[in-house]
Amino acid sequence: MSNFHSIDLHQLSINPFQAIADQWMLITAEKPVDGQPKANTMTASWGGLGHLWGKDVAFAFIRPQRYTKQFVDENDCFSLCFFGGEQMEALRYLGTASGRDEDKIAKSGLTLTHIDSVPCFEEARLVLLCRKLYVQTLNPEQFTDRAVADSCYPNHDFHDLYIAEVQKALVR
């Protein structure tokens, strides 16, 4: 069993701008691979937290070529793990290596665990267990600022936006 305990989402003392943009987060999901459950994760620095459709939500963005996208797409739930900056080397590695090519989770030095059957990491300071509500590929025609689309998507590999209900928040 992990060293986490649940907290009320409304009691979180997290600055999402710093936690996501500066310290990053891991998006982690699991799916069967060769008949066995396998987890994959990726580092993300785009996303947010808020309230939508009467629910506390997280939103994350995943490019189509990311291997983790297959795992998130094939499962109802995923986790967002926040580390507070002390695991930046591992997060940098997990953001550049591909789980297609190697067992990057094992090589990262982080400890994979499961809470409520959702994969996450023991070293995280905060874990959000999320259930997908909505997925949509960003549409280049909807950008009101073309400079953003041109600078962020020179290869036209527009992210999928995932909106997920935060079902549980856990801290160490």
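This is a predicted model, so every value here is computed, not measured.
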### Polar side chain donor-acceptor pair, Asp160 to Gln136, under 3.5 angstrom
no

### Query
Between atom CZ of Phe61 and atom CD1 of Ile20, what is the distance when rounded to the nearest 0.5 Å?
10.0 Å

### Query
Leu80 and Cys130: side chain to side chain contact (heavy atoms under 4.5 Å, CB included), yes or no, with the steps?
CA-CA 7 Å; Leu80 299 178; Cys130 301; 4.1 Å; yes

### Summary
One should read off an interatomic distance between Cys120 SG and Leu128 CG, to the nearest 0.5 angstrom, of 10.5 Å

### Query
Which of these, Asn40, Asp73, Thr28, Thr43, sits in a side chain to side chain donor-acceptor pair (under 3.5 Å) with Thr68?
Asn40

### Message
Run the side chain to side chain contact (heavy atoms under 4.5 Å, CB included) test on Val135 and Val72 for me, step by step, so that the C-alpha distance in whole Å, both residues' side-chain angles and the decisive distance to 0.1 Å come before the verdict.
### Response
CA-CA 10 Å; Val135 180; Val72 173; over 6 Å; no

### Message
Using modelled atom types and a 3.5 Å cut-off, is there a donor and acceptor pairing between side-chain atoms of Asn155 and backbone atoms of Asp157?
### Response
no

### Query
Do any N or O atoms from the side chain of Lys104 and from the backbone of Leu94 form a donor-acceptor pair under 3.5 angstrom?
yes

### Query
What's the spacing between Ile7 CD1 and Leu170 CG if we round to 0.5 Å?
8.0 Å

### Query
Are Trp46 and Leu161 linked, directly or through other ILVMFWY residues, by side chains that come within less than 4.5 angstrom of each other?
yes

### Task
Please state whether the rings of Trp53 and Tyr134 are parallel, tilted or perpendicular, taking 30° and 60° as the class boundaries.
perpendicular

### Side-chain heavy-atom pair Arg146, Pro140 within 4.5 angstrom cut-off
yes

### Query
Where do Phe143 and Tyr153 land on the side chain to side chain contact (heavy atoms under 4.5 Å, CB included) test, with the steps shown first?
CA-CA 11 Å; Phe143 280 89; Tyr153 300 100; 3.8 Å; yes

## Note on the structure
Between Ala39 and Phe71, the two heavy atoms sitting closest are C-CE2, 4.1 Å

#### Entry: Electrostatic pair Arg131:Asp76 at N-O distance under 4.0 angstrom
no

### Task
Please work out whether the ring planes of His156 and Phe158 are parallel, tilted or perpendicular, with thresholds of 30° and 60°.
tilted

### Query
CG/Leu9 to NZ/Lys55 distance, rounded to the nearest 0.5 angstrom?
13.0 Å

### Task
List the atom of Phe4, the atom of Ala124, and the distance in Å for their closest heavy-atom pair.
CE2-O, 3.3 Å

### Query
Is Ile62 close to Met42 at the side-chain level, that is, under 4.5 Å between some pair of heavy atoms?
yes

### Query
Applying the 4.5 Å side-chain criterion to the ILVMFWY set and letting contacts propagate, would Met25 and Tyr162 be lumped into a single cluster?
yes

### Message
For the CD atom on Glu89, are there more than 12 heavy atoms of other groups (residues, nucleotides or ligands in this structure) within a distance under 6.0 Å?
### Response
no

### Message
Regarding Arg172 and Glu123, does a basic nitrogen lie under 4.0 Å from an acidic carboxylate oxygen?
### Response
no

### Query
Are Tyr93 and Trp24 linked, directly or through other ILVMFWY residues, by side chains that come within less than 4.5 angstrom of each other?
yes

#### Entry: Joint cluster assignment, Ile105 & Leu91, ILVMFWY side-chain distance < 4.5 Å
yes

### Task
Drop me the distance from Ser79's OG to Gln167's CD, to the nearest 0.5 angstrom.
12.5 Å

#### Entry: Validation row: Lys168, Asp116 side chains within 4.5 angstrom (heavy atoms)
yes

### Task
Report yes if some heavy atom in the side chain of Gln18 is under 4.5 Å from a heavy atom in the side chain of Gln23; otherwise report no.
yes

### Query
Relative to each other, are the rings of Phe83 and Phe121 parallel, tilted or perpendicular (30° and 60° limits)?
tilted

### Task
Give the C-alpha distance, both sets of side-chain angles, the deciding distance and a yes or no for side chain to side chain contact (heavy atoms under 4.5 Å, CB included) between Leu126 and Ile14.
CA-CA 9 Å; Leu126 169 65; Ile14 184 175; 3.6 Å; yes

### Query
Any link between Ile163 and Leu49 through a network of hydrophobic side chains (Ile, Leu, Val, Met, Phe, Trp, Tyr) touching at under 4.5 Å?
no

### Task
First locate atom CG of Leu138, then atom NE2 of His159, and finally report the distance between them rounded to the nearest 0.5 Å.
7.5 Å

### Message
Quick check: do Leu110 and Leu112 have side-chain heavy atoms less than 4.5 Å from each other?
### Response
no

#### Entry: Cationic N near anionic O, under 4.0 Å, Lys38 to Glu30
no

### Query
Looking only at atom types and distance, does a side-chain atom of Thr41 sit under 3.5 Å from a main-chain N or O of Ile27, one as donor and one as acceptor?
yes

